[in-house]
Amino acid sequence: MAQRKNTPKAPTAQPAARAGTERSTGALDDERIGEDIRGLRKARRMTLADLSRRIGRSVAYLSKLERNLTKPSVAELQALGEALGVKINFFFHETNAASHRKMVVRKADRRKLSYADGVTDHLLSPSLEGELELLMSVFEPGSGSGETSYFHEGEEAGVVLAGALEFWVGDEHFVCEEGDSFSFKSSVPHRYRNNGAVQTVVIWVVTPPSY
């Protein structure tokens, strides 16, 4: 599950600001992130230098990102979303599958985001319009949310399906292994990582949808 880095928020996005970011269904999520970032930035009349100052990354890096020559990390995509006035779930794209518009998500139709630091998030919820969000995160060995704790609205809970996940929540530190579950208020600064030698798989529930 992605990290939310605390950066100054841009003004709340208005519906018209999504102009220029219209999605073509069926596109791979990873190949559309750069296009979405560029479209949002231009819709908000921001230069690459403006965005660079907001998230603390170089103009050269952002230029490569917008051209899909590199991928953002979990923390970077969260920071970009906040700077551009959208939640990170904006970057999950719809597919042509009718199941995404109803109540069922077929395994083959899951929407996903892959990050540069070895984390892949799969959206298991049919939509993001309800009161909760269901995700599956796959952590490669050594990957995680980053060294800086973050916080956001709501609550989250989860269960470790495979491997182990190390957590820091406020002043607490613990490790959840296969079969263990957890729950905490998202407003408490937290971070996590897979510190093991095998892949970790975690199912998350987030309420309200804020990821």
Side-chain angles (χ1 to χ4, degrees), residues 1-10 21 27-41 46 48-93 110-123 128 133 135-153 156 158 160 163-169 186 188-204 206 209-211:
M1 183 176 176
Q3 175 182 352
R4 294 84 170 168
K5 187 176 179 181
N6 301 315
T7 56
K9 290 189 176 181
T21 59
L28 292 176
D29 303 316
D30 298 342
E31 296 176 356
R32 296 296 307 277
I33 292 176
E35 180 182 340
D36 279 348
I37 292 170
R38 182 173 61 251
L40 284 167
R41 177 179 61 78
M46 294 173 61
L48 283 171
D50 293 332
L51 187 56
S52 172
R53 285 190 293 271
R54 285 178 177 269
I55 71 166
R57 294 304 306 266
S58 69
V59 169
Y61 167 77
L62 290 174
S63 177
K64 290 177 63 177
L65 189 61
E66 289 190 355
R67 289 179 289 147
N68 291 313
L69 299 179
T70 188
K71 292 181 180 180
S73 70
V74 174
E76 288 163 348
L77 190 59
Q78 177 62 29
L80 283 160
E82 291 186 356
L84 293 168
V86 299
K87 293 179 179 179
I88 200 170
N89 55 35
F90 176 90
F91 299 101
F92 282 112
H93 294 124
R110 291 173 183 165
R111 292 177 276 171
K112 70 181 179 69
L113 287 172
S114 297
Y115 303 93
D117 50 4
V119 180
T120 300
D121 285 331
H122 301 257
L123 183 64
L128 295 166
E133 183 175 356
L135 296 163
M136 180 176 71
S137 295
V138 179
F139 296 84
E140 296 302 327
S143 67
S145 61
E147 295 301 317
T148 303
S149 295
Y150 66 97
F151 59 90
H152 54 97
E153 64 176 323
E156 54 196 283
V160 178
L165 197 66
E166 187 175 15
F167 271 91
W168 290 263
V169 179
S186 306
V188 179
H190 53 280
R191 63 186 178 96
Y192 37 83
R193 68 179 178 184
N194 173 9
N195 201 29
V198 299
Q199 192 180 75
T200 293
V201 180
V202 180
I203 297 292
W204 302 82
V206 183
S210 58
Y211 166 69

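The first residue in the sequence is number 1, and the count goes up from there.
Looking at Q78 and H152, their side chains never come closer than 4.5 Å, going by heavy atoms from C-beta outward. Using a 4.5 Å heavy-atom threshold, the side chains of K71 and I33 count as separate. Here the side chains of E133 and L123 are in contact, with some heavy-atom distance below 4.5 Å. Side-chain contact between R191 and T148: absent, with no pair of heavy atoms (C-beta onward) separated by less than 4.5 Å. You'll find the side chain of L80 reaches within 4.5 Å of the side chain of L62, heavy atoms only. Looking at L84 and M46, their side chains come closer than 4.5 Å, going by heavy atoms from C-beta outward.
The minimum heavy-atom distance linking A164 with N194 is given by the pair O-OD1, 3.6 Å. Heavy atoms only, all atoms of each residue included: A79 and I55 are closest at O-CG2, 3.8 Å. Here the shortest heavy-atom pairing between A49 and V59 reads CA-CG2, 3.8 Å. Looking at every heavy atom in both residues, R38 comes nearest to R67 through NH1-N, 4.5 Å. Closest approach of P141 to G196, counting heavy atoms only: CB-O, 3.4 Å.
Side-chain contact check for W168 and S149: no donor-acceptor pair (N or O, by modelled atom type) lies under 3.5 Å.
Note on ring orientation: taking the six-membered ring where Trp is involved, the planes of Y192 and F139 are perpendicular (angle over 60°, cut-offs 30° and 60°).
No donor-acceptor pair under 3.5 Å is formed between the side chain of D117 and the backbone N or O of S73.
To the nearest 0.5 Å, the span separating CZ on R41 from CG on D36 amounts to 13.0 Å.
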